[in-house]
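Sharing a structure with you now.
Here the structure is a predicted model, which is why all the values come from computation and not from measurement. Chain naming here is simple, since letters A, B, ... match the order of the sequence lines and numbering starts at 1 in each. Both backbone and side-chain heavy atoms feed into the values below; hydrogens, waters and symmetry mates do not.
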2 protein chains.
Amino acid sequence: MKEKIDTRTRILDIAEAAVLEKGFEATSIEEIVAGAEISRGGFFYHFKDKNALARAMLERYIEVENALYDDLFARARELNDDPLHCMLIGLKLLAEMLEEMPTGHPGCVIASTAYQDRLFDEGVRNLNRQAILGWRKRFRGMFEDISELYEPREPVNLDALGDMVSGVVEGGLVLQRALREHNNASEQIMLFRTYLKLLFAPR
Amino acid sequence: MKEKIDTRTRILDIAEAAVLEKGFEATSIEEIVAGAEISRGGFFYHFKDKNALARAMLERYIEVENALYDDLFARARELNDDPLHCMLIGLKLLAEMLEEMPTGHPGCVIASTAYQDRLFDEGVRNLNRQAILGWRKRFRGMFEDISELYEPREPVNLDALGDMVSGVVEGGLVLQRALREHNNASEQIMLFRTYLKLLFAPR
DNA sequence: GTGTCAACTGGACTCGCGGTACAGTCGGGA
DNA sequence: TCCCGACTGTACCGCGAGTCCAGTTGACAC
């Protein structure tokens, strides 16, 4: 009946919510400790400084995001074995997921950290980099499978095409945040989906 | 022989360079006044606070960016009257321009401000929003002209397609920053270009 | 030549926040 | 019983934003 979540996780939960809402700099340690109902000393017991917090948050975020992609495309795979259709279904699911988020999606931490750069140390920046490279690899692999069966109508660099998935999502989230609209990201994904349909259309 | 640029402009120049390099928060007023060789008092004489600086920077940045697009597509227009080819040439020019920037492009202030949100007041956020809406309108107009001559192979929302130009650029710049690579943005634009070629291909 | 005004300089001060240091408390195993 | 990990609480430092304000300097006005 231990319903008390461990403190470190609680700090991360609260910090994540706050950071996604208003950015890392704008989130003070003061309000995190208030939310988590611990003392400032308690915070620094778990994280030596704000950078350590950022690193832990990013690690967790990337893990969740990857698990989410795993799950999404696994479900897509169950619905259709063909790699192209699997990709198309996966993107549709992703778009739907983004749309269903009532608050209009957390917004990707990657972009946020990328643009605050000097605030973070090498460790954080590297994590960020590795996450994107991981997605590149994942999507590149899927596009390789696809192009074995469907010859692309125009020559494309598969790494760049893999990056485009991340890029379209990131870009969509930026637009969404800046415009205060709520479905730009999912719209952009759907547009990217029609791109793939055209690119890999059977002759 | 007055080679001294007026102080306000000098502040903006220095602030812009610093902000693009390391982000808004990480840029202190101290270093701006040092760079501009004025006193702290002098800074606050021109800008009542950091938010006013942000607003002025955004205004100037958006103006420059718009002038750049005007020029780019005017040149494209000179090379080819057809709206589709004009668009394709313009995007090519844009990609080349991004590639030629030795430091790997300033990186768009829009994304940066979008993700730091609460740091800025309503004025700054609104400027940001208006800039993106302006680009939507500009590109939507171009796509309307195109689709009058070339029926799209798949149904697309032209507003969303207009947003995709901004989104692809923004997303590409995010990747570029995070990966520490230098040509992701231009690569993404070229990929988007092949999308348009496929989408508006004559039957 | 005097006045006025914009464009500053320079210094003193407040406040919030990140970060340090460290002494003390409290509950749960060995 | 003792130890240890997980804290609490407090005092303190430095930095950067922002305020206040008194004083200087140079240009132009009359």
Rounded distance (Å) that lies between atom P of C:dG16 and atom CD of A:Glu31: 15 Å
A:Leu53, A:Val19, A:Ile38 screened by side-chain contact (heavy atoms from CB on, under 4.5 Å) with A:Ile32, the one that passes: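 Exactly one pass, corresponding to A:Leu53.
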Value in whole Å for how far the P atom of D:dG16 lies from CZ of B:Phe43: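 Result: 14 Å.
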Length of the CG-P vector between A:Leu119 and D:dC15, whole Å: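 Result: 17 Å.
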Check: C:dG10 base within 3.5 Å donor-acceptor of B:Arg40 side chain: no
Residue A:Ile38, side-chain atoms from C-beta onward, closest of C:dT9, D:dA17, D:dT8: D:dT8
Nucleotide D:dC7, atom P - distance to CG of A:Asp6 in whole Å: 8 Å
Closest to side chain of A:Lys50, choosing from D:dT8, C:dG18, C:dT9: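 Taking heavy atoms from C-beta onward, the closest nucleotide is C:dG18.
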Phosphate OP1/OP2 of C:dC8: any B:Tyr45 side-chain N/O under 4.0 Å: no
d(CG, B:Asp49; C1', C:dC15) in whole Å: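 Taking atom C1' of C:dC15 as the reference, CG of B:Asp49 is at 15 Å.
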Contact nearer the 5' end of DNA chain C, comparing A:Gly41 with A:Ile29: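 Mapping each residue to its closest nucleotide by heavy atoms, the 5'-most match is A:Ile29.
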B:Ile189 and its side-chain contact (heavy atoms from CB on, under 4.5 Å) partner, picked from B:Val169, B:Val165, B:Leu93: B:Val169
Under 3.5 Å side-chain donor-acceptor pair for A:Asp82 and A:Tyr150: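 The answer is yes; a qualifying pair exists.
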Phosphate contact (C:dC8 OP1 or OP2) by B:His46 side-chain N/O below 4.0 Å: yes
Interatomic distance, A:Leu53 CG vs C:dG18 P [rounded to whole Å]: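 Taking atom P of C:dG18 as the reference, CG of A:Leu53 is at 10 Å.
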Side-chain donor-acceptor pair present, B:Asn184, B:Glu181, cut-off under 3.5 Å: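 Yes, side-chain donor-acceptor contact under 3.5 Å.
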Sidechain N-carboxylate O distance under 4.0 Å for A:Arg60, A:Glu63: no
Closest listed nucleotide, where the reference is the side chain of A:Ser28 and the choices are C:dC17, D:dT8, D:dT19: C:dC17
Protein-nucleotide distance (B:Lys48, atom NZ; D:dA17, atom C1'), rounded to Å: 13 Å
Distance test, side-chain N/O of B:Thr7 to OP1/OP2 of C:dA7, below 4.0 Å: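 Checking C:dA7 against B:Thr7, no side-chain N or O comes under 4.0 Å of OP1 or OP2.
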Spacing between B:Phe44 atom CZ and C:dG11 atom C1', to the nearest angstrom: 14 Å
Residue A:Ser39, side-chain atoms from C-beta onward, closest of C:dG19, D:dG18, D:dT8: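 Closest of the options to the side chain of A:Ser39: D:dT8.
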